[in-house]
There are 2 protein chains.
Amino acid sequence: MAHRLKEQYKELLDKKGLTYTFERKRIFEEIQKISVHFHVDGLYDRFKKQGERISRATVYRTIPLLLESGVIQKSAGNGKRDFFEKTNAKGHHDHMICVKCEKIIEFHNEKIEALQDEISKHHKFKVTFHDHRLFGYCQKCQ
Amino acid sequence: MAHRLKEQYKELLDKKGLTYTFERKRIFEEIQKISVHFHVDGLYDRFKKQGERISRATVYRTIPLLLESGVIQKSAGNGKRDFFEKTNAKGHHDHMICVKCEKIIEFHNEKIEALQDEISKHHKFKVTFHDHRLFGYCQKCQ
DNA sequence: GGTCTGGTTGAGATCTTGTCTCAAGATTTA
DNA sequence: TAAATCTTGAGACAAGATCTCAACCAGACC
């Protein structure tokens with residue numbers, strides 16, 4: 001699975017005339033180790049903690065490539081920061097975000113997805129991705 | 001309608017031991033004049049253009065109060081900036097956003113809202129607001 | 001009225017997130 | 001090997017939003 005994604009990633013680089021450099025390889029690998037969503041500076045921090053000096057700029061620069069090749073996808077944001085996750089993580093899902101403790105609960109509902117399709121079709125709108133977040137209070141924080 | 005909202009707003013201020021000051025009044029009023037969604041600096045600019053000197057900080061500071069009292073609600077963001085709109089504008093609705101021309105199409109679907117309620121109830125999550133955006137290409141830009 | 005207490009404001013500093021610049025190093029091509 | 005092109009790191013920069021702090025104002029109390 002991760003292997004197929006790596007191929008897609010390499011292909012995209014190739015198509016764009018870019019090299020599969022050490023840094024681009026390390027960033028791909030490190031993301032495979034993350035099981036939940038992450039933000040770019042968090043990813044950068046992982047390298048820093050391990051004593052690897054891959055610059056913040058490089059990490060930021062690599063994200064669009066990973067997105068475009070389908071290795072990662074946008075995930076729940078907290079409103080400020082962009083979050084990402086591996087596409088092979090667990091399929092598409094949406095999020096409930098506790099505004100107090102910042103806990104994130106994932107959900108997925110086929111009926112909603114189907115209704116979205118219906119609506120967009122009706123407006124002749126071609127959806128490429130969507131963002132569906134419910135903000136509020138989790139059970140503990142109410 | 002706007003009147004009831006003003007009462008809610010005043011009540012919240014009161015409950016928090018805050019004063020219904022000139023600035024907080026003006027910000028409320030100015031928002032009533034805006035028929036579409038807006039962002040905070042845009043609101044601030046309206047005052048500046050009219051020669052009223054209400055500071056940016058005050059406008060930013062007032063937004064959470066308006067949100068909490070239900071006078072405004074979050075609206076479609078473009079990813080960076082937060083957008084807001086009056087709650088009495090035209091009822092709740094969600095957005096399809098064209099990533100090319102930035103056109104925004106509003107939609108509303110009771111079934112989706114109902115499913116959301118069902119899901120959040122199931123997770124014992126208390127939703128205060130939600131953000132549902134479909135990104136893609138509008139008819140013209142496909 | 002005068003004073004005290006504490007909320008409010010404006011201006012600008014600061015923080016955060018993300019992007020850009022540019023010089024230096026690496027790689028590919030001729 | 002030289003020229004051209006990529007890539008990187010470090011830090012500058014930009015945009016959006018928040019925070020600080022001195023000055024101001026309003027109500028409570030004497």
Side-chain angles (χ1 to χ4, degrees), chain A residues 9-10 12-30 37-69 72 74-84 99 102 131 135, chain B residues 9-30 37-69 72 74-84 99 102 131:
Chain A
Y9 180 41
K10 284 186 183 173
L12 180 85
L13 291 174
D14 204 50
K15 204 182 72 184
K16 287 186 178 278
L18 304 176
T19 319
Y20 186 57
T21 63
F22 173 76
E23 286 81 2
R24 302 215 251 242
K25 172 165 150 281
R26 285 295 299 117
I27 291 168
F28 174 89
E29 289 170 355
E30 198 61 30
H37 55 251
F38 61 91
H39 53 74
V40 188
D41 281 313
L43 180 55
Y44 167 61
D45 285 343
R46 288 174 71 106
F47 289 117
K48 211 163 60 173
K49 264 186 208 133
Q50 294 170 208
E52 290 188 61
R53 63 242 156 305
I54 292 182
S55 86
R56 206 165 148 269
T58 298
V59 181
Y60 268 97
R61 276 193 285 243
T62 306
I63 291 294
L65 300 171
L66 293 161
L67 272 176
E68 195 174 341
S69 62
I72 60 174
K74 286 211 180 196
S75 176
N78 57 7
K80 329 205 73 178
R81 206 154 211 163
D82 279 342
F83 276 76
F84 304 92
V99 296
E102 304 210 315
D131 183 10
F135 293 90
Chain B
Y9 180 40
K10 283 186 184 171
E11 269 166 39
L12 180 86
L13 291 174
D14 205 50
K15 203 180 73 185
K16 287 185 179 277
L18 303 176
T19 319
Y20 186 58
T21 62
F22 174 76
E23 286 82 0
R24 302 215 251 242
K25 175 167 149 280
R26 285 296 298 118
I27 290 168
F28 175 89
E29 289 170 354
E30 198 60 29
H37 54 252
F38 62 91
H39 52 75
V40 188
D41 280 316
L43 180 55
Y44 167 63
D45 285 342
R46 288 175 70 106
F47 290 116
K48 210 163 59 172
K49 264 186 208 134
Q50 294 170 208
E52 289 187 63
R53 61 243 157 305
I54 292 181
S55 85
R56 211 162 145 272
T58 298
V59 181
Y60 268 97
R61 275 192 287 242
T62 305
I63 292 294
L65 299 171
L66 292 162
L67 272 177
E68 195 173 342
S69 62
I72 59 173
K74 287 212 182 197
S75 176
N78 58 6
K80 328 205 76 177
R81 204 153 210 162
D82 279 342
F83 277 77
F84 304 93
V99 296
E102 304 210 315
D131 183 11

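To find a chain, count down the sequence lines: A is the first, B the second, and so on, and within it residues start at 1.
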N/O contacts under 3.5 Å, protein versus nucleotides 24-30 of chain C?
none

Report, one pair per line, the protein and nucleotides 17-21 of chain D atoms (nitrogen or oxygen only) whose separation is under 3.5 Å.
from, atom 1, to, atom 2, distance (Å)
D/dA17, OP1, B/D82, N, 2.9
D/dA17, OP2, B/Y60, OH, 3.0
D/dA17, N7, B/R56, NH2, 2.9
D/dT20, O4, B/R61, NH1, 3.4

[X] [atom1] to [N] [atom2]: how many Å, rounded?
| X | N | atom1 | atom2 | value |
| --- | --- | --- | --- | --- |
| B/E23 | D/dC25 | CD | P | 11 Å |
| A/D14 | D/dC6 | CG | C1' | 14 Å |
| B/K16 | C/dT8 | NZ | C1' | 16 Å |
| B/R53 | C/dT9 | CZ | P | 13 Å |
| B/K15 | C/dG7 | NZ | C1' | 18 Å |
| B/L13 | C/dT8 | CG | P | 8 Å |
| B/F47 | C/dT9 | CZ | C1' | 14 Å |
| B/Y44 | D/dG16 | OH | C1' | 14 Å |

Please confirm whether the shortest side-chain N or O distance from B/T21 to OP1 or OP2 of C/dG7 is below 4.0 Å.
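Answer no for this pair, as no side-chain N or O of B/T21 is under 4.0 Å from OP1 or OP2.
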Working to the nearest 0.5 angstrom, can you tell me the gap between A/Y9 OH and A/I72 CD1?
9.0 Å
Minimum heavy-atom separation for [X] and [Y], please, with both atom names.
| X | Y | result |
| --- | --- | --- |
| B/L13 | B/T19 | CD1-O, 3.9 Å |
| B/T58 | B/T62 | O-OG1, 2.7 Å |
| B/E30 | B/F47 | CB-CZ, 3.5 Å |
| B/L67 | B/K74 | CD2-N, 3.9 Å |
| A/S55 | A/Y44 | C-CE1, 3.9 Å |
| A/L12 | A/L65 | CD2-O, 3.4 Å |

Between B/F84 and B/V40, is any pair of side-chain heavy atoms under 4.5 Å apart?
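In short, these two side chains touch, coming nearer than 4.5 Å.
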Counting heavy atoms from C-beta on, name the nucleotide in C/dG10, D/dC6, D/dG9 closest to the side chain of B/T58.
C/dG10
Using the side-chain heavy atoms of B/L18, tell me which of these nucleotides is nearest: C/dG7, D/dT8, C/dG10.
C/dG7
A/R26 vs A/E29, test: salt bridge (charged side-chain N to carboxylate O under 4.0 Å, His left out). Steps then yes/no.
CA-CA 5 Å; A/R26 285 295 299 117; A/E29 289 170 355; 2.9 Å; yes
